[in-house]
Student: 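Would you mind keeping the following structure in view while I ask a few things?
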Amino acid sequence: MRVSTNTIYETGTSGLVRQSGDLFRLQQQLSTGRRVLAPSDDPVASARALEVEQSKSMNDQFAVNRRDASSALGFAESQIATAGDILSTIRERLIQSRSATLADSDRKAIATDIRAMFSEMMGIANSRDAFGDYLFSGYKSTTQPFSGSVEAGVSYAGDDGQREAQVGSNRRLAISDSGANVFMRVPSGNGNFSLTPDPANRGTAVLDAGSVTDMSAWNDPANSGDFEVVFAVSGGVTTYDIIDNASGNSLLTGAAPGGAPLPRTFLPGDVINLRSNGGSEPPFNFGARFSMTGAPADGDRVSMQISTSQSVFETIGDVILALEQPASGDANALAKVSNAIGSAISNIDQSTDNLLTARARIGARSSELAALDSLGEEVNLQFESSLSTLRDLNYTEALSKLTQQQAYLQAAQQSFLKVSGLSLFNFIGA
């Protein structure tokens, strides 16, 4: 068989190119640390590595989402904490304002101070995050949630939604709170019931916040939670009756109040219990009580009702208006101011508890984010390990192959030189 010179060169060149390509591929593997440089190197490993990379990318995105969620929750918590500090300051100022030595001008000065804090509270409630979204507007992130004033009251334009972030493959976490839940839906009074003196009262009685002494009795289905204490003064003796507004009947006589004398006597500082004293009174016990100082006038009334919702802005606004009313030298007016202050302090305590509850919810979510971060890091390590197994290079094996491939290439070069030198022209004329 004749082998042409052209064939010799083509075969030699092809061998050298192949050996050089194999050597170059090994050098690329060593420089990149990757065994699989192209899908054709290992189709099965490449397909599996692509799946793992996609899962890892999703896990990385969840980590970014958790970081953003943590930042949003941290900012919301700081705003709520500031709101709590404002309420604490207002409470201190209200306690100062109860001093009997203060003049009308002093109370107005305190009211002015509290007005500034009212505005500050409005600013917090309307605060925005780094993206310009309102923190406490629910899903309506571009709508200012709160508007109004001390005199006109404050309204809420947001909704009850909570914006969420995907922080895990199977977990969406709330990263905002509705302003209605944080600032508007605050239990009034002591959290179980509220006491409201009739605006037409003429006496000097001042109420405390009251308390529930027997929760099971207070929760009795027979308790309407809607009562009115009516006072009468005759011959220097003050008595009172307790009316169940649901039936219109007296708890003390079992009949509608009328011409019969009011059955219980009252002295300043006495405790008024919603339970029977025995004797001729019908048996009843609703497990609630309150006390009064000062002296009620004939016909004065106090309403007791199950707590409803009252916004923190209404609480602050009401007490501002009360402090601005002239009362010096008028015992009845001073009693009304004192009752307004006492009611505001009770409501502020409820507002503070509501803010603490909101902070606790945020804290629970932040703790969950930390746990998810820890889990995400572990999952990421597993993905890295899987990718390393599928794609990374065994350097010991690769270096051995590199040395071997260099020897192959050198041998191919030497062989090509020898073979390419075989020619009849070398023997002509010899």
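Since the structure is predicted, the reported quantities are computational estimates derived from the model, not experimental observations.
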Student: Count the heavy atoms belonging to other residues, nucleotides or ligands that lie under 6.0 Å from CE of Met58, then report whether that count exceeds 12.
Tutor: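 Open: at most 12 neighbouring heavy atoms sit under 6.0 Å from CE of Met58.
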Student: Within the 4.5 Å heavy-atom criterion, are Phe227 and Phe286 side-chain neighbours or not?
Tutor: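 A side-chain contact exists here, since the closest heavy-atom pair is under 4.5 Å.
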Student: Applying salt bridge (Lys or Arg N to Asp or Glu O under 4.0 Å) between Asp177 and each of Arg365, Arg359, Arg163, report the one that passes.
Tutor: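 Passing option: Arg365.
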Student: Measure the shortest side-chain to side-chain distance between Ile272 and Met292 over non-hydrogen atoms and say whether it is less than 4.5 angstrom.
Tutor: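 Side-chain contact under 4.5 Å: yes.
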Student: Taking atom types as modelled, is there a side-chain donor on Ser250 or Asp241 under 3.5 Å from an acceptor on the other?
Tutor: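 Side chains of Ser250 and Asp241: pair found under 3.5 Å.
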Student: Around atom CZ of Arg93, are there more than 12 heavy atoms of other residues, nucleotides or ligands at under 6.0 Å?
Tutor: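 Above 12, so yes.
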Student: Applying side-chain hydrogen bond (donor to acceptor under 3.5 Å, both in side chains) to Asp208 and Ser291, what does each step give before you reach the verdict?
Tutor: CA-CA 6 Å; Asp208 69 356; Ser291 63; 2.9 Å; yes
Student: I want to check something: taking the side chain as every heavy atom from C-beta on, are Ser309 and Ser188 in contact at a cut-off of under 4.5 Å?
Tutor: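 The answer is no, as the side chains (C-beta and beyond) never meet within the 4.5 Å cut-off.
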Student: Whether the side chain of Ser99 engages the backbone of Gln96 through a donor-acceptor N/O pair (distance < 3.5 Å, no angle test) should be reported.
Tutor: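 No, the answer is negative, given that no donor and acceptor are paired below the 3.5 Å cut-off.
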Student: Any Lys/Arg nitrogen of Asp198 or Lys336 sitting under 4.0 Å from an Asp/Glu carboxylate oxygen of the other?
Tutor: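 Answer for the salt bridge query: no.
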Student: Which pairs, with at least one residue in residues 133-142 and sequence neighbours excluded, count as a side-chain hydrogen bond (donor to acceptor under 3.5 Å, both in side chains)?
Tutor: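 For residues 133-142: Arg128-Tyr134.
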Student: Between Thr352 and Ile348, is there a donor-acceptor pair closer than 3.5 Å when you use the side chain of the first and the backbone of the second?
Tutor: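 Side chain of Thr352 to backbone of Ile348: a pair is present.
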Student: Check Glu151 with Arg115, please: is the shortest side-chain N to carboxylate O separation under 4.0 Å?
Tutor: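 So Arg115 pairs with Glu151 through a salt bridge.
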Student: Would you call the rings of Phe183 and Phe136 parallel, tilted or perpendicular if under 30° counts as parallel and over 60° as perpendicular?
Tutor: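 Perpendicular.
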Student: Using the side-chain hydrogen bond (donor to acceptor under 3.5 Å, both in side chains) criterion, which residues pair with Ser71? Sequence neighbours excluded.
Tutor: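 side-chain hydrogen bond (donor to acceptor under 3.5 Å, both in side chains) check on Ser71 returns nothing, list empty.
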Student: Any donor-acceptor pair under 3.5 Å linking the side chain of Ser366 with the backbone of Ile362?
Tutor: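 Answer holds: yes.
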Student: Could you check whether Asp160 pairs with Arg185 (Lys NZ or Arg NE/NH1/NH2 to Asp/Glu carboxylate O, under 4.0 Å)?
Tutor: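 Salt bridge flag = yes for Arg185 with Asp160.
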Student: Decide yes or no on side-chain hydrogen bond (donor to acceptor under 3.5 Å, both in side chains) for Asn190 and Ser346, but give the supporting numbers first.
Tutor: CA-CA 6 Å; Asn190 57 30; Ser346 296; over 6 Å; no
Student: Which class fits the ring pair Phe231 and Phe266: parallel under 30°, tilted 30 to 60°, perpendicular over 60°?
Tutor: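 Perpendicular: the ring planes of Phe231 and Phe266 meet at over 60°.
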Student: Would Arg67 and Asp373 pass as an ion pair if we require N to O under 4.0 Å?
Tutor: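 No.
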Student: I want to check something: taking the side chain as every heavy atom from C-beta on, are Met122 and Val154 in contact at a cut-off of under 4.5 Å?
Tutor: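 Met122 reaches Val154 side chain to side chain.
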Student: Taking Ala103's backbone N and O only, do any of them form a donor-acceptor pair with Asp106's side chain (distance below 3.5 Å, no angle check)?
Tutor: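 Side chain of Asp106 to backbone of Ala103, a donor-acceptor pair under 3.5 Å: yes, one is there.
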Student: For the atom pair OG (Ser176) and CG (Leu135), what is the distance rounded to the nearest 0.5 Å?
Tutor: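 Interatomic distance, Ser176 OG to Leu135 CG, rounded to 0.5 Å: 8.0 Å.
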Student: Under the criterion side-chain hydrogen bond (donor to acceptor under 3.5 Å, both in side chains), I'd like the reasoning laid out for Gln310 against Thr315: C-alpha separation, chi angles, the key distance, then a yes or no.
Tutor: CA-CA 7 Å; Gln310 177 166 309; Thr315 294; 2.9 Å; yes
Student: Measure from the side-chain N and O atoms of Ser338 to the backbone N and O of Ala335, and report whether any donor-acceptor pair falls under 3.5 Å.
Tutor: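 Here the side-chain-to-backbone pair does not exist.
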Student: Using a 3.5 Å distance criterion without hydrogens, assess whether the side chain of Asp68 forms a donor-acceptor pair with backbone atoms of Asn65.
Tutor: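 Answer holds: no.
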Student: Tell me, do Ile95 and Ile345 make a side-chain contact under 4.5 Å, heavy atoms counted?
Tutor: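 The answer is yes, as the side chains (C-beta and beyond) meet within the 4.5 Å cut-off.
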Student: With sequence neighbours left out, write down each residue that passes side chain to side chain contact (heavy atoms under 4.5 Å, CB included) with Asn245, or none if nothing qualifies.
Tutor: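 Scan of Asn245 (side chain to side chain contact (heavy atoms under 4.5 Å, CB included), adjacent residues dropped) gives Asp226, Glu228, Ile243.
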Student: Given 3.5 Å as the limit, does a donor-acceptor pair link the side chain of Ser194 with the main chain of Gly189, or not?
Tutor: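 Flag not set: sc Ser194 to bb Gly189 has no pair under 3.5 Å.
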Student: Donor-acceptor pair, distance only, cut-off 3.5 Å: does the side chain of Arg202 make one with the backbone of Asp298?
Tutor: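 Flag set: sc Arg202 to bb Asp298 pair under 3.5 Å.
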Student: If you define the side chain from C-beta out and look only at heavy atoms, does anything of Met304 sit under 4.5 Å from Leu274?
Tutor: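 With C-beta onward as the side chain, the pair touches.
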Student: Using only atom types and a distance under 3.5 Å, with no angle test, would you say the side chain of Gln61 pairs donor to acceptor with the backbone of Ser57?
Tutor: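 Absent.
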Student: For the backbone of Ala370 and the side chain of Ser374, can you confirm whether one donor and one acceptor N or O come within less than 3.5 Å of each other?
Tutor: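 Side chain of Ser374 to backbone of Ala370, a donor-acceptor pair under 3.5 Å: no, none is there.
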Student: Can you name the closest pair of heavy atoms from Arg107 and Ala327 and give their distance?
Tutor: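 Heavy-atom minimum between the residues: NH2-CB, 3.9 Å.
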Student: Determine whether Arg275 and Leu251 satisfy the following criterion, side-chain contact (heavy atoms from CB on, under 4.5 Å), listing intermediate values before the conclusion.
Tutor: CA-CA 8 Å; Arg275 68 180 180 186; Leu251 294 180; over 6 Å; no
